[in-house]
Trainee: 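Dumping the structure here so I can ask a few things about it.
Note that the numbering runs from 1 along the sequence shown for the chain.
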Amino acid sequence: MHGLIRRRRLHKARSDLGTPDRSQLPIAAIATSWGFVDAGHFSRAFKAEYGQTATD
């Protein structure tokens, strides 16, 4: 169950990164808005899920 929730939060964060009005926000702000309080944890989870960094 935890993995499913994390994947959904990652998917929403990835969607926000591709949305013009949200993509201007810092990545950390988008990650925080989806419950990732640690930027390093978000970066590692994003890379593990999508095979690329959030900045790619």
Trainee: Is there side-chain contact between Arg44 and Asp38, with heavy atoms separated by less than 4.5 Å?
Mentor: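 A side-chain contact exists here, since the closest heavy-atom pair is under 4.5 Å.
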Trainee: Measure from the side-chain N and O atoms of Arg8 to the backbone N and O of Leu4, and report whether any donor-acceptor pair falls under 3.5 Å.
Mentor: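 No, because the side chain of Arg8 does not come within donor-acceptor range (under 3.5 Å) of the backbone of Leu4.
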Trainee: Rounded at 0.5 Å granularity, tell me how far OG1 in Thr19 sits from NZ in Lys12.
Mentor: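 It is 10.0 Å, given to the nearest 0.5 Å.
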Trainee: Ala54 and Leu17: which non-hydrogen atoms are nearest, and at how many Å?
Mentor: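 Ala54 and Leu17 have their closest heavy atoms at CB-CD1, 3.8 Å.
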Trainee: Is any side-chain heavy atom of Arg6 closer than 4.5 Å to a side-chain heavy atom of Phe36?
Mentor: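 Contact flag for Arg6/Phe36 side chains = yes.
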Trainee: Would you check if Thr55 and Phe46 make a side-chain contact, meaning some heavy-atom pair closer than 4.5 Å?
Mentor: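 No, every pair of side-chain atoms sits at 4.5 Å or beyond.
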Trainee: Using side-chain contact (heavy atoms from CB on, under 4.5 Å), reason through Arg22 and Ser33 one step at a time and then give a plain yes or no.
Mentor: CA-CA 11 Å; Arg22 300 277 295 165; Ser33 74; 3.2 Å; yes
Trainee: Hey, does Phe42 have a side-chain heavy atom less than 4.5 Å from the side chain of Val37?
Mentor: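 No, too far: nothing below the 4.5 Å cut-off.
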Trainee: Does some side-chain heavy atom of Lys47 sit less than 4.5 Å from a side-chain heavy atom of Gln52?
Mentor: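 When only atoms from C-beta onward are counted, Lys47 and Gln52 do not touch, as no gap falls below 4.5 Å.
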Trainee: In Å, rounded to the nearest 0.5 Å, how long is the span from OG1 of Thr32 to CD1 of Ile27?
Mentor: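 It is 11.5 Å, given to the nearest 0.5 Å.
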Trainee: Would you compute the distance between atom CG of Leu10 and atom CD1 of Ile5 and round it to the nearest 0.5 angstrom?
Mentor: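 Result: 12.0 Å between the selected atoms.
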Trainee: Please check this pair: side chain of Ser15 against backbone of His11, looking for a donor-acceptor N/O pair closer than 3.5 Å.
Mentor: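 The answer is no, because no donor-acceptor pair under 3.5 Å joins these two groups.
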